Q: 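Could you have a look at this structure, given as structure tokens, before my questions?
This is a predicted model, so every value here is computed, not measured.
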Amino acid sequence: MCGRAGAGRRAWRKAGLGAAEARSPGARGSKMGELPLDINIQEPRWDQSTFLGRARHFFTVTDPRNLLLSGAQLEASRNIVQNYRAGVVTPGLTEDQLWRAKYAYDSAFHPDTGEKMVLIGRMSAQVPMNMTITGCMLTFYRKTPTVVFWQWVNQSFNAVVNYSNRSGDAPISVGQLGTAYVSATTGAVVTALGLKSLTKHLPALVGRFVPFAAVAAANCINTPLMRQRELQVGIPVTDEDSQRLGHSVAAAKQGIFQVVISRICMAIPAMAIPPVIMDTLEKKDFLKRRPWLGAPLQVGLVGFCLVFATPLCCALFPQRSSLHVSRLEPELRARIREQNPDIEVVYYNKGL
């Protein structure tokens, strides 16, 4: 053990783990003894083979309240998790408090590299950042300078998110980072301006969907380019027990494809529903007399959609995705067959 019970309680309180969490019916409290060491915190708390389990997991991962955790609280959470993995249980710790520490730790530290992610690159920043950026893109879509500005802001944010949540531990050079950023920004701006010119003679509602088309096009450019290192050297693949078997480009391609689909689906509710509502509201006298309410109302509508769309679309594919050995590169497949002939499926972190 590592200190007195009072010190242990202070550690998890410092990590933001309140006593109320211990009253959950599912908690294995410490009243009857020390917390057992057989809780598998290497995996999410809920069954990831089902969409519901993944959705519950990502509602926790994308919880914006994780952004409010201080550096000291995050370090305390990391200590609790790392100590537990090493077989050391913080005295007085309950199962709910352990899981809360794990999700606080996972919200800020990359699962493969262990590095602390920049604040706006964390998944818990997705809703507040995207609701602001997307709301402004949908509000200021009429004039070319504002279209360019907000598309640039959006791609700058996406670049940070893609880099922070890249899969595996493959490094990315400054040149590769710059190429991906410039290409995605250019693609988004060209798409937005091109469609804007094509739709200027169409009904106003059609023009409101131009930002979504630009975002979808940029996602198809940004994500693969930002993670091009993975497409060159592959990402780590493991067996069922998380033992690394090698690096696979095939796994990287599948993971990146899944991320692109998730990102586009994530944008659909937030960029399709608010334009229809705003197009109707702006014809009413209430907004005509108060045009200054348009932007905050649009941002609020986008935020409401993203609160649900972000975790639900992240849950479309398992975070720990799988790939049949037969779909791996011939060299890696042969090595696995030779060393582990019983393995039929490998696993990898697809990124976010």
Q: Does R45 offer a backbone N or O that forms a donor-acceptor pair with the side chain of Y103 under 3.5 Å?
A: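 Yes, Y103 side chain to R45 backbone: donor-acceptor pair under 3.5 Å.
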Q: Do Q243 and D239 meet the criterion of a side-chain donor-acceptor pair at a distance under 3.5 Å?
A: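 No, no side-chain donor-acceptor contact under 3.5 Å.
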Q: Does Q48 use its side chain to pair, donor to acceptor, with the backbone of Q319 at less than 3.5 Å?
A: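 Such a contact is absent between Q48 side chain and Q319 backbone.
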Q: Output a table of donor-acceptor pairs, distance under 3.5 Å, between side-chain atoms of residues 332-344 and any protein atom two or more places apart or on a different chain; print 'none' if there are none.
A:
unit_1, atom_1, unit_2, atom_2, d
R333, NH1, S326, O, 3.2
R333, NH1, L328, O, 2.7
R337, NH1, I343, O, 3.3

Q: When you measure from the side chain of Q151 to the backbone N and O of L193, does any donor-acceptor pair fall under 3.5 Å?
A: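 Here the side-chain-to-backbone pair does not exist.
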Q: Return yes if a side-chain donor-acceptor contact under 3.5 Å exists between E329 and S248, otherwise no.
A: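 Looking only at side-chain atoms, S248 and E329 do form a donor-acceptor pair, the distance falling under 3.5 Å.
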Q: Measure the spacing between CG of L74 and OG of S107 and express it to the nearest 0.5 Å.
A: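 If I round to the nearest 0.5 Å, the distance is 6.0 Å.
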Q: Answer yes or no: is there a donor N or O on one side and an acceptor on the other, between the side chain of S242 and the main chain of T238, under 3.5 Å?
A: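 No, the answer is negative, given that no donor and acceptor are paired below the 3.5 Å cut-off.
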Q: Under the side chain to side chain contact (heavy atoms under 4.5 Å, CB included) rule, what do R122 and N66 come out as? Steps first, then yes or no, please.
A: CA-CA 9 Å; R122 301 173 191 173; N66 287 329; over 6 Å; no
Q: Parallel, tilted or perpendicular for F304 and F308, by the 30°/60° rule?
A: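 Perpendicular: the ring planes of F304 and F308 meet at over 60°.
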Q: Which other residues end up in the same hydrophobic cluster as L67, if Ile, Leu, Val, Met, Phe, Trp and Tyr are linked when side-chain heavy atoms come under 4.5 Å apart?
A: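 Its cluster partners, ordered by chain and number, are L119.
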Q: Do Q155 side-chain atoms and W152 backbone N/O form a donor-acceptor pair below 3.5 Å?
A: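 Not confirmed, Q155 side chain does not pair with W152 backbone.
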Q: Is it true that V237 and V345 fall in one hydrophobic cluster, defined by side-chain heavy atoms closer than 4.5 Å?
A: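 No.
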Q: Look at the side chain of E43 and the backbone N and O of N40, then say whether any donor-acceptor pair between them is shorter than 3.5 Å.
A: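 Checked: no pair found.
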Q: Could you pull out the closest heavy-atom pair between I133 and F157, with the gap in Å?
A: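 Closest approach of I133 to F157: CD1-CB, 3.7 Å.
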Q: Between Q258 and S321, is there a side-chain donor-acceptor contact under 3.5 Å, judged purely by atom types and distance?
A: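 Note: S321 and Q258 side chains meet the donor-acceptor criterion.
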Q: Has the side chain of Y84 got a donor or acceptor atom that lies under 3.5 Å from a matching backbone atom of I41?
A: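 Side chain of Y84 to backbone of I41, a donor-acceptor pair under 3.5 Å: no, none is there.
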Q: Shared ILVMFWY cluster between L306 and M129, side chains joined below 4.5 angstrom?
A: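 Both belong to a single hydrophobic cluster.
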Q: Let me confirm one number: the SG-CZ distance from C313 to R263, rounded to the nearest 0.5 Å.
A: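 Taking SG in C313 and CZ in R263, the distance rounds to 11.5 Å.
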Q: Ignoring hydrogens, what is the shortest heavy-atom contact between A55 and A315? Give both atom names and the distance.
A: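 Closest approach of A55 to A315, heavy atoms only: N-CB, 3.6 Å.
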Q: Is V249 reachable from V233 through a run of I, L, V, M, F, W or Y residues, each pair having side-chain heavy atoms under 4.5 Å apart?
A: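 No, separate clusters.
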Q: Is any side-chain N of the basic residue among D47 and R56 closer than 4.0 Å to the acidic one's carboxylate O?
A: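 A salt bridge is absent here (no side-chain N lies under 4.0 Å from a carboxylate O).
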Q: Around F51, counting heavy atoms of other residues, nucleotides and ligands shown, do more than 12 lie under 6.0 Å from its CZ?
A: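 Counting other residues, nucleotides and ligands, CZ of F51 exceeds 12 neighbours.
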Q: Show me the side-chain donor-acceptor pairs of residues 289-301 shorter than 3.5 Å, one per line, residues at least two apart or across chains.
A:
unit_1, atom_1, unit_2, atom_2, d
R290, NH1, F286, O, 3.3
Q298, NE2, L138, O, 3.3
Q298, NE2, T139, OG1, 3.3

Q: Within 45° of the six-membered ring axis of Y347 and under 6.0 Å from that ring's centre, is NZ or CZ of R320 located there?
A: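 Ring-cation test returns yes.
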Q: Can you tell me how far OG1 of T50 sits from CG of L52, rounded to the nearest 0.5 angstrom?
A: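 Rounded to the nearest 0.5 Å, the CG-OG1 separation comes out at 5.5 Å.
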Q: Any chance NZ of K116 has more than 12 other-residue heavy atoms, nucleotides or ligands included, within less than 6.0 Å?
A: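 Yes, NZ of K116 has more than 12 neighbouring heavy atoms, counting only those of other groups under 6.0 Å.
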Q: So, are D96 and R100 salt-bridged, with charged N and O less than 4.0 Å apart?
A: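 No.
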